[in-house]
Amino acid sequence: MKPNELLDFLSQDVIIVTGHYGSGKTNFAINLAVDLRAAGHSVTLADLDIVNPYFRSADFKEEAERLGIDFVASAYANSNLDIPSLSAGVDAKIGAGGKLIIDVGGDDAGAYALGRYSARIKETGYTMLYVVNAYRYLTREPEEALELLRDIETASRLKATHIVNNSNLSWQTEVSDVTRSVPYAQSVAELAGIPLAATAARRDVAEQLSEKQGFYPVDIYVKVPWNPGE
Amino acid sequence: MAERVLMKGNEALSEAAIKAGCLHFFGYPITPQTEVNAYMSKRMPKIGGTYLQAESEIAAVNMVLGAASAGVRAMTSSSSPGISLKAEGISYMAGSDLPCLILNIQRGGPGLGGIQPSQADYNQATKAPGHGDLHILVFAPSTVQEMVNTVFKAFDLAEQYRMPAMILGDGLLGQMMEPVEFPAVEVTPAAKPWATNGMHGKRGKNIVNSLYLQADILEEKVLERQKRYETIEANHSECEEYLTDDAEVLVVAYGASSRIVRSAVNSAREQGIKAGLLRPVTLWPFPKKQIEAAAAKAKTVLVVEMSTGQMVHDVRLVVEGKRPVHFFGHTGGVIPTPAEVLEQIKQLSGGAK
C-alpha cells in the first residue's frame with residue numbers, strides 16, 4: 001500500500017485515532033498528518049491526550065509547524081502542570097474544513113475527553129481508527145483488544161470505523177514481527193465487525209516486505225533521548 | 001523461551017513484581033509512577049492479590065510494614081515527594097529487619113518540584129532513606145528489561161538479608177515503552193521463621209519491632225546489622241562496564257543517564273576519542289572496587305547525572321584524588337543530550353583526534 005492508498009480511504013474530514021496506551025497511536029497520528037499534508041490537504045493535528053504527560057504529539061509541535069500542519073494542544077502540554085485541560089482550539093477546528101486528526105489519550109480513560117466533542121463530531125461525520133498492537137501485554141488476545149475497544153466507544157460516545165494494525169516491538173521490530181501480527185489484527189477487525197484499514201510498519205521494515213499490499217510505512221517521530229538500541 | 005512484549009516501564013515493574021510472587025501492593029498515585037497503581041489495581045483482583053490505594057503515602061508504607069511482618073512479599077511505589085513521606089516507614093522496616101520492595105520513579109525536586117525525569121534522590125536513597133544507622137539495597141536499572149530482572153533480584157536479596165530494597169528509576173524509565181521478556185524462573189521466597197503469621201500452637205511468640213528500651217541492646221542490634229551491611233558490600237555490588245578497558249575518559253552514570261552517556265561514548269569513539277562508560281547497577285552497595293580499578297586505567301573521570309551532582313561525591317571518595325573527577329548534569333526535569341555529554345568528553349580529552 002502506498003501511503004496515499006490509505007489516505008484516499010480516509011474521506012472524512014475528522015479522523016480520530018484511539019487505542020490502548022502504548023499502541024503507537026501518537027506516532028501513527030503524526031504520520032497521517034504528515035502524509036495528508038504532503039498530499040495537499042490542509043491539516044490540523046489535535047493532541048487530546050489529557051492522561052499522559054509524556055511522549056505525546058505535543059513533542060512534535062515544532063516539526064508540525066515547519067511542515068505547515070496546524071497544531072492544537074493544551075496550553076499546559078509538556079509543562080509541569082499535570083492537569084487535564086483541553087484547548088478551545090479543538091472545537092473551532094471541527095467542521096471548519098480541512099483534515100482534522102485527533103490524537104486521543106490511551107484507553108477509555110483517555111477517550112472520555114473525546115466524548116465531550118461527540119455530538120459535533122457525529123454531525124460532521126468522522127472516521128475513528130482503533131489502533132492495535134499485538135505485542136502490548138494486556139491486549140495480546142483479540143478478545144482483550146475488543147473489550148478495550150468497547151470501553152473506548154462507551155467513553156467517547158463514538159463508534160470505531162476501522163482497525164489499524166500498528167503492532168511493533170519498538171526498535172526491535174522485524175519483518176516477521178509485522179507479518180505475524182496481521183492475523184491478530186484481522187481477528188480484532190472480525191470481532192469488532194469493522195474493516196482492517198492497514199498494517200503500519202516502520203519504513204525500513206515496510207521496504208523489506210515482499211508483499212506491500214495493505215501495509216502503511218511510518219516514520220518514527222516519538223523518540224527517546226538516546227540512539228535506538230543504546 | 002518467553003515471548004517479547006511491549007511494555008511501559010511502570011507496567012513492566014508491576015507485572016514483574018506479580019510474577020515474583022508479590023501479591024500485596026499498597027500505594028498512592030503520583031506522576032510519573034501512577035501506572036504502577038493503575039496496573040496493580042487492574043491485575044491484583046484478577047489473581048487473588050491485594051491492591052490497596054491508601055489514604056496517603058505514610059499509610060501505604062506502613063501497610064507494607066504490616067504485610068512484610070506477616071511474611072509475604074509486599075511492595076509500595078511512589079515518586080520523589082511521596083518517597084520523602086515514606087521515609088519514616090522505611091526506617092521502621094529497616095529497624096525491624098523487614099524485607100520489602102519500594103519503587104522510586106524520580107521526578108524533579110525539591111518540594112513538589114516537577115513531573116519530568118530526575119535523578120536528584122540519589123543522596124536520599126543511598127545515604128538517608130530514613131533516620132538512623134541504616135542502609136537499604138538500591139538498584140538502578142537502565143532499561144525496561146533490566147527493571148523487570150531487577151524486581152526478582154531485589155525481592156530475593158531483600159529477603160536474604162531481611163531489609164528493604166529500592167529500585168531507583170526515573171520518569172523516563174517509568175514512562176517509556178520497550179520490548180521485554182519475562183524470565184521463566186521458579187520463584188522461591190525465603191523461609192521466614194520470624195514472621196508474625198500465627199503461632200498455631202507450634203511455636204513461641206514472634207515479635208517484629210524497632211523499639212528498644214535499653215541502649216546497649218539497641219547498639220548490639222545496630223552493630224549486628226552493620227555486619228550484615230559489610231557482607232552485602234563485599235558480595236553484591238554490581239556495575240556494567242562498556243569500553244572501559246582502554247578508556248582515557250571514564251564516564252560514570254546510572255539509570256537513564258547511562259543510556260545518554262552510552263550514545264555519547266559511541267560518538268566519541270567514532271571520532272577517535274577513547275571514552276568508556278561505567279554504569280553502577282547497584283547504588284548501595286556502591287561498586288567501589290570496580291570504579292577504583294577503572295579510574296586507575298583512565299586519565300580523567302566524568303560523572304553525568306540528572307541532578308546538581310550527588311553520586312559524583314561517592315565517585316570522588318573512591319578515586320581519592322588520584323584522578324580528576326568532573327561533573328556534568330541537568331536537573332529539575334531537564335534531560336542531558338548525548339551531544340552535550342560528547343562535548344564534555346571532547347573537552348576532557350583535549351579535542352577530537
Side-chain angles (χ1 to χ4, degrees), chain A residues 19-27 49-56 59 76-84 106-110 132-141 144 147-148 151 166-174 176-177 180-181 184 220 222-230, chain B residues 3-12 14-15 30-32 34-35 38-39 42-43 46 107-108 112-117 142-145 171-182 242 256-267 277 306 332-333 335-341:
Chain A
H20 183 28
Y21 77 88
S23 58
K25 293 177 304 298
T26 294
N27 198 67
D49 192 343
I50 56 166
V51 178
N52 175 20
Y54 308 96
F55 297 108
R56 52 190 296 165
D59 295 340
Y76 306 113
N78 284 356
S79 78
N80 272 333
L81 201 51
D82 185 11
I83 60 165
D107 291 2
D108 45 331
V132 296
N133 181 349
Y135 304 107
R136 284 288 287 135
Y137 194 69
L138 293 184
T139 56
R140 302 195 67 205
E141 297 301 325
E144 292 171 316
E147 196 183 319
L148 182 62
D151 290 344
N166 192 47
S167 296
N168 75 87
L169 283 161
S170 190
W171 78 91
Q172 287 186 8
T173 314
E174 289 169 15
S176 60
D177 297 318
R180 263 193 312 141
S181 71
Y184 162 88
I220 306 302
V222 179
K223 287 180 177 152
V224 288
W226 46 82
N227 300 325
E230 284 180 345
Chain B
E3 242 199 303
R4 281 174 306 160
V5 289
L6 192 64
M7 289 186 93
K8 193 175 217 184
N10 285 334
E11 295 176 318
S14 312
E15 184 60 34
I30 178 172
T31 307
T34 297
E35 293 83 2
Y39 192 92
K42 260 191 186 166
R43 289 275 287 140
K46 290 184 183 166
R107 57 189 255 177
L112 271 177
I115 60 170
Q116 302 298 336
S142 68
T143 67
V144 178
Q145 180 67 59
L172 248 178
L173 292 170
Q175 292 296 325
M176 66 184 296
M177 292 272 172
E178 285 194 307
V180 292
E181 270 174 43
F182 288 98
Y242 178 67
S257 292
S258 73
R259 299 184 70 169
I260 291 156
V261 169
R262 194 182 300 259
S263 285
V265 163
N266 286 338
S267 304
L277 162 69
M306 289 193 278
I335 301 165
T337 66
E340 284 176 321
V341 177

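Convention: sequence-line order gives letters A, B, ...; per-chain numbering from 1.
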Legend entry - Within-4.5 Å side-chain heavy-atom neighbours: B:P338 and A:N227: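 Result no, sub-4.5 Å side-chain heavy-atom pair not found.
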
What pair of heavy atoms forms the shortest contact from [X] to [Y], and how long is it?
{"X": "B:L6", "Y": "A:G22", "result": "CD2-O, 4.0 Å"}
{"X": "A:R140", "Y": "B:E3", "result": "NH2-OE1, 3.1 Å"}
{"X": "A:E230", "Y": "B:R262", "result": "C-CD, 4.0 Å"}

Inset, instruction - Dump the intermediate steps for side-chain hydrogen bond (donor to acceptor under 3.5 Å, both in side chains) on A:Y21 and B:E11, then the final yes or no. - result: CA-CA 11 Å; A:Y21 77 88; B:E11 295 176 318; 3.1 Å; yes

Inset, instruction - Quick one: which of A:V222, A:N133, A:V224, A:L138 has the most heavy-atom pairs under 4.5 Å with chain B, could you say? - result: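 So the answer, after comparing A:V222, A:N133, A:V224, A:L138, is A:L138.
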
Legend entry - More than 12 heavy atoms from other groups under 6.0 Å of CD on A:Q172: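 Atom CD in A:Q172 is packed in, count exceeds 12.
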
Legend entry - Residue selection (most heavy-atom pairs with chain A, distance under 4.5 Å) from B:A264, B:G171, B:G333, B:A256: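 Of B:A264, B:G171, B:G333, B:A256, B:A256 has the most heavy-atom pairs under 4.5 Å with chain A.
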
Inset, instruction - Rounded to the nearest 0.5 Å, what's the gap from CH2 on A:W226 to OG on B:S142? Could you check? - result: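 The distance works out to 8.0 Å.
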
In terms of heavy-atom proximity below 4.5 Å to chain A, should [X] be classed as side chain, backbone, both, or neither?
{"X": "B:Y39", "result": "side chain"}
{"X": "B:R107", "result": "neither"}
{"X": "B:I335", "result": "side chain"}

